[in-house]
Amino acid sequence: MIDANVLVIDDDDDILLSARLFLKQHFNQVVTCKSPKEINVLLSHNEVDIILLDMNYQKGASNGREGLYWLEHILSIDKDYVVILMTAYGNVELAVQAIKKGATDFILKPWENEKLFATLSAASRLRQSNKKVKKLEKIHSSLQKDQARQFEHIVGNSAPIKHLQNTLVKVAPTDANVLILGENGTGKQVFAYELHKHSLRKNHIFMHVDLGSLNENLFESELFGYAKGAFTDAKDDKPGRFELADGGTIFLDEIGNLSQPLQAKLLSVLQNRTVTRLGESKERKVNVRLITATNMPLNEMVAKGTFRQDLLFRINTVELLLPGLAQRGEDIILLANHFLHSFSTKYHKSLYKFEAKAESLLLGYHWPGNVRELQHVIERAVIMADGMEISAGDLQLSPQKFGGNSVIQPEMGLEEMEKLMVQKAIDKHKGNISRAALELGLTRAALYRRIEKFDL
């Protein structure tokens, strides 16, 4: 039994009876009707996969114009419907014309049952394939929209972030390979997607591959694909991530985790711009924009011989170094408010601001998990909060030392907190204003204004 539903439309009762009696033995459901004027109602009330459509309905008609009209009507409802035309021997040329207009196939009347079954079986496979493609297109579209919402823009006004944004604007429209460096949680994937979103490949796929989670044995098959029979469970041909990303951007996250044999294989792909599926000898061209990221010190690894220097040259035409959240202090409250609005909407809360003590606590914490940790803290606070404001207690953070013996307390005012942070940064860097400003996420001029303001 074939998992498909068939609609047969013909003005001849004998044809309908013959088709129904034969086809119901082989298909899930067979619906018949005498007039194509019922098509709209039938398609709205039945899940139809294959439509068997006669070409003439008026008595004595043989030009097939009605069939062509109703064919176009059906495909205007859904271009993926599989329509098979029924025609008499004299109308073969007309049937060929109809195929050019979108019909899948045609059969001659009177038909042979074996021929009818073979034609409808092939049509069923085509319909299932169309459904899968449509589903994949919807999934891809949905994923891209979700990513666009998730990474709507880079939030930050600090000097390091503005510098990165300026670089991104210059680099994104090119096809230069970009290496993004930074601690965990600094937003490497956000920046990678922003590069893609502002590139000439923005209407194609953004393929994120976490190399750190790939088993070494699966690396080749996942990235480069495999041929049927390449290994025990390879029951079909399967394209790899590079092929799937063709025309778009591939983002290889945690590239520092690759073993040296895998580094060599990746280098070969990047040099030749081709992939060879496991179990095949055929080279397939791929056209992708490469973005990589890691929190590991690749230059040190090159010096130690654990990372290939030639691979490093390939992946870092442009290098972006993302600062930790502690180095962009003036962005903390901006980011916190961004996440507050996002999660308040998600969880249907009416939270709109942080209490002063909560802001002080956010500014005083050292954020070892960077932006990702801040995001999780705000999400948890939104879930736990009862009022319309986030309190210090909702954040569930302990007071943290900023440095030295001075401790930032939740009860401190914002100015007192800011003064202490500025003083500690200056002390830490022994009066070096440039380094202190970099750590605070300020320009030198902005830091000088604060020094004057607090009489430091």
Side-chain angles (χ1 to χ4, degrees), residues 139 141-158 160-162 164-165 168 180 182-198 206 208 210 213 251 253 293 295 322-400 408-412 414 417-418 421 441:
I139 291 171
S141 175
S142 176
L143 284 173
Q144 296 293 68
K145 286 177 181 177
D146 286 346
Q147 286 174 329
R149 284 194 293 270
Q150 185 179 2
F151 309 129
E152 189 175 358
H153 54 272
I154 297 167
V155 178
N157 289 324
S158 62
I161 292 301
K162 285 184 175 179
L164 285 167
Q165 287 172 327
L168 189 145
I180 304 175
E183 299 171 2
N184 285 335
T186 49
K188 294 188 286 293
Q189 188 178 348
V190 175
F191 274 83
Y193 187 73
E194 283 293 316
L195 283 163
H196 171 74
K197 195 169 72 175
H198 291 91
F206 174 79
H208 177 205
D210 183 0
S213 66
F251 173 47
D253 205 356
N295 63 348
L322 305 193
L325 191 52
Q327 294 175 279
R328 43 184 296 209
E330 66 184 274
D331 291 336
I332 291 174
I333 300 303
L334 190 66
L335 282 161
N337 279 307
H338 172 75
F339 294 137
L340 175 64
H341 173 74
S342 175
F343 291 123
S344 294
T345 302
K346 178 179 178 179
Y347 295 114
H348 308 289
K349 295 284 192 89
S350 299
L351 295 155
Y352 69 99
K353 63 180 289 191
F354 294 90
E355 291 180 357
K357 288 183 180 179
E359 287 195 356
S360 297
L361 196 57
L362 289 172
L363 289 170
Y365 188 63
H366 63 304
W367 300 111
N370 295 298
V371 178
R372 185 183 297 136
E373 184 182 7
L374 175 62
Q375 182 181 10
H376 291 165
V377 165
I378 303 305
E379 182 174 15
R380 182 178 61 208
V382 168
I383 293 170
M384 300 305 295
D386 294 318
M388 298 180 70
E389 298 180 347
I390 298 290
S391 69
D394 293 328
L395 296 173
Q396 299 180 28
L397 287 175
S398 301
Q400 297 292 322
I408 292 176
Q409 301 291 348
E411 60 269 16
M412 284 183 175
L414 287 177
M417 170 81 70
E418 189 177 18
M421 291 175 70

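If you read the sequence from its start, that first residue is 1, and numbering goes on from there.
Of the options Ile161, Val190, Ile180, a side chain to side chain contact (heavy atoms under 4.5 Å, CB included) to Leu322 is made by Ile180 and by none of the others. With His196 as reference, Phe206 is the one residue of Phe206, Phe251, Phe191 to meet the ring pair (Phe, Tyr, Trp, His ring centres under 6.0 Å) rule.
Counted by atom type alone, Asn370 and Thr186 present zero donor-acceptor pairs between their side chains at under 3.5 Å.
With hydrogens and angles ignored, the 3.5 Å screen pairs a side-chain donor or acceptor of Gln327 with a backbone N or O of Gly324. Side-chain atoms of Lys349 come within 3.5 Å of backbone atoms of Ile383 as a donor-acceptor pair (strictly under, hydrogens ignored). Put simply, the side chain of Ser342 never gets that close to the backbone of His338: no donor and acceptor are under 3.5 Å apart. A side-chain donor-acceptor contact under 3.5 Å links Lys188 to the backbone of Glu183.
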Output, in order, the C-alpha distance, side-chain angles, deciding distance and verdict of side chain to side chain contact (heavy atoms under 4.5 Å, CB included) for Leu168 and Ile154. CA-CA 11 Å; Leu168 189 145; Ile154 297 167; 4.0 Å; yes

Go through it in stages, so that I can follow the logic: the residues are Phe339 and Glu379, the test is side chain to side chain contact (heavy atoms under 4.5 Å, CB included), and I'd like the CA-CA distance, side-chain angles, deciding distance and then a yes or no. CA-CA 7 Å; Phe339 294 137; Glu379 182 174 15; over 6 Å; no

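Considering all non-hydrogen atoms of both residues, Ala392 and Leu361 come closest at O-CD2, 3.8 Å. Residue Pro160 comes nearest to Pro323 through the heavy atom pair CB-CG, 3.8 Å, listed as atom of the first residue, atom of the second, then distance. Between Asp394 and Ala385 the shortest heavy-atom distance is OD2-CB, 3.6 Å.
Rounding to the nearest 0.5 Å places CG of Leu362 at 5.0 Å from CD1 of Ile333. Between the OG atom of Ser344 and the CD1 atom of Ile390 there is a distance of 6.5 Å, given to the nearest 0.5 Å. Going from atom NZ of Lys162 over to atom CG of Asp331 covers 9.5 Å, rounded to the nearest 0.5 Å. Taken to the nearest 0.5 Å, the CD atom of Gln165 stands 8.5 Å off from the CD atom of Glu194. Taken from CZ in Phe343 to NE2 in His348, the straight-line distance is 13.5 Å, to the nearest 0.5 Å. Rounded to the nearest 0.5 Å, atoms CG (Leu351) and CG (Asn337) are 11.5 Å apart.
Residues Arg328 and Leu335 are in side-chain contact: their nearest non-hydrogen atoms beyond the backbone lie under 4.5 Å apart. Put simply, the side chain of Glu389 does not reach to within 4.5 Å of the side chain of Phe354, judged on heavy atoms. Proximity of Trp367 to Ile332: side-chain heavy atoms (C-beta onward) are separated by under 4.5 Å at one or more points.
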